[in-house]
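Positions are given from 1, in the same order as the sequence printed here.
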Amino acid sequence: QDIKKVKSVFAKADFQKLGIELTERQNELYKTIRNSTFTVVQGPAGTSKTFTACYTALGLLADGKVDKIIITKPIVEAGEAIGFLKGSLEEKVGPYMKSYISTFEKIIGKFLTEVLIHNKVIEINLLAYMRGDTFDNAIMILDESQNTIMSQLMLWATRIGRDSKAVMLGDVSQYDVKKKDAKFLNFINLCDGMNGFSNFKFEREDIVRNKFLIELTDRYEKWKYSTNDGETERPSRY
């Protein structure tokens, strides 16, 4: 179907009726993404990094600022290697992108999420197959960026096209690859000071998922540094 017809299903008025209230810090991120070309978002689990990024992307879509939402993440398992997955490429990738889909469903519901994905207004992409692509009039979101190497980050970042935005999300307390291979922080340093670049950081105090996580993440950080843990994880296959 014509993208304009599909987008009319989700107009500005519909977005305003969602009734979602952001916290003060989440609202700051919302404005930062809208006012920046490239936004990096750091922060611990539970601060709603992905939720706020997806919500902002939908707002840009409803306002007609973008035509597409491009979502991707590195295909890395969190400590459990289950081997090769059967099925088509979409079926293989499905489990890794489930968190994205669940987030969109929380915001706009299951039906509308399926409509936008089916018509490629929300488009799932694999880092491995993005070379050669250019995304104009789009917002690109890369989640779990702490599990990427520099070449992956550069590949993804250089897909940004005319009138597009990029949002990179990461949590350096949740590496699932060898820490020495992860270049998330190196990439941030590379971009620091560039025109249109913003580096937004949530703190443990910004956790909204469950306040139990505030103390848990604090204790985990102390344990990690005391044991020098996190150096032996390996990326998995898909």
Taking all atoms of both residues into account, what is the closest heavy-atom pair of [X] and [Y], and its distance?
{"X": "Thr72", "Y": "Asn125", "answer": "OG1-O, 2.5 Å"}
{"X": "Ser48", "Y": "Gln26", "answer": "CB-NE2, 3.3 Å"}
{"X": "Ile70", "Y": "Ala138", "answer": "CG1-CB, 4.1 Å"}
{"X": "Leu142", "Y": "Pro74", "answer": "CD1-CD, 4.1 Å"}
{"X": "Ile139", "Y": "Ala57", "answer": "CG2-CB, 3.7 Å"}
{"X": "Leu126", "Y": "Met130", "answer": "O-CG, 2.9 Å"}

Enter the distance from [X]:[atom1] to [Y]:[atom2] here, rounded to the nearest 0.5 Å.
{"X": "Glu28", "Y": "Phe202", "atom1": "CD", "atom2": "CZ", "value": "8.5 Å"}
{"X": "Ile101", "Y": "Ile117", "atom1": "CD1", "atom2": "CD1", "value": "3.5 Å"}
{"X": "Cys54", "Y": "Leu61", "atom1": "SG", "atom2": "CG", "value": "12.0 Å"}
{"X": "Cys191", "Y": "Met168", "atom1": "SG", "atom2": "CE", "value": "7.0 Å"}
{"X": "Leu127", "Y": "Thr148", "atom1": "CG", "atom2": "OG1", "value": "7.5 Å"}
{"X": "Thr32", "Y": "Asn27", "atom1": "OG1", "atom2": "CG", "value": "9.5 Å"}

Check: [Y] and [X] side chains under 4.5 Å, non-hydrogen atoms:
{"X": "Phe197", "Y": "Val40", "result": "yes"}
{"X": "Ile69", "Y": "Phe104", "result": "yes"}
{"X": "Ile33", "Y": "Phe200", "result": "no"}
{"X": "Met154", "Y": "Leu190", "result": "yes"}
{"X": "Leu169", "Y": "Thr50", "result": "yes"}
{"X": "Thr52", "Y": "Val41", "result": "no"}
{"X": "Arg34", "Y": "Asp63", "result": "yes"}
{"X": "Leu29", "Y": "Thr56", "result": "no"}

Tell me whether the NZ or CZ atom of Lys106 lies within the 45° cone about the ring axis of Phe51 and under 6.0 Å from its centre.
no

Pair Ile160-Thr37, side-chain contact (heavy atoms from CB on, under 4.5 Å): steps then yes or no: CA-CA 9 Å; Ile160 188 170; Thr37 300; 3.9 Å; yes

Query raised in the report: In terms of hydrophobic clustering (I, L, V, M, F, W, Y; side-chain heavy atoms under 4.5 Å; direct or indirect links), are Ile188 and Trp156 co-clustered?
Result: yes

- Is there a chain of hydrophobic side chains (I, L, V, M, F, W, Y, each step under 4.5 Å between heavy atoms) that links Phe38 to Leu155? no

Side-chain donor-acceptor pair under 3.5 Å between Glu144 and Gln146, yes or no?
yes

Any side-chain to backbone donor/acceptor pair from [X] onto [Y]? Under 3.5 Å, distance only.
{"X": "Thr39", "Y": "Ser198", "result": "no"}
{"X": "Tyr55", "Y": "Leu22", "result": "no"}
{"X": "Asp206", "Y": "Glu203", "result": "yes"}
{"X": "Lys68", "Y": "Met140", "result": "no"}
{"X": "Glu114", "Y": "Phe111", "result": "no"}
{"X": "Ser164", "Y": "Phe135", "result": "yes"}
{"X": "Arg25", "Y": "Lys201", "result": "yes"}

Discussion item. Is it the case that atom CG in Asn195 sees more than 12 heavy atoms from other parts of the structure closer than 6.0 Å?
Written reply: no

Given Tyr100 and Ile122, is the side-chain contact (heavy atoms from CB on, under 4.5 Å) satisfied, shown in steps? CA-CA 10 Å; Tyr100 269 128; Ile122 297 176; over 6 Å; no

From the list Leu60, Val121, Asp163, Asp136, side-chain contact (heavy atoms from CB on, under 4.5 Å) partner of Val66 resolves to Leu60

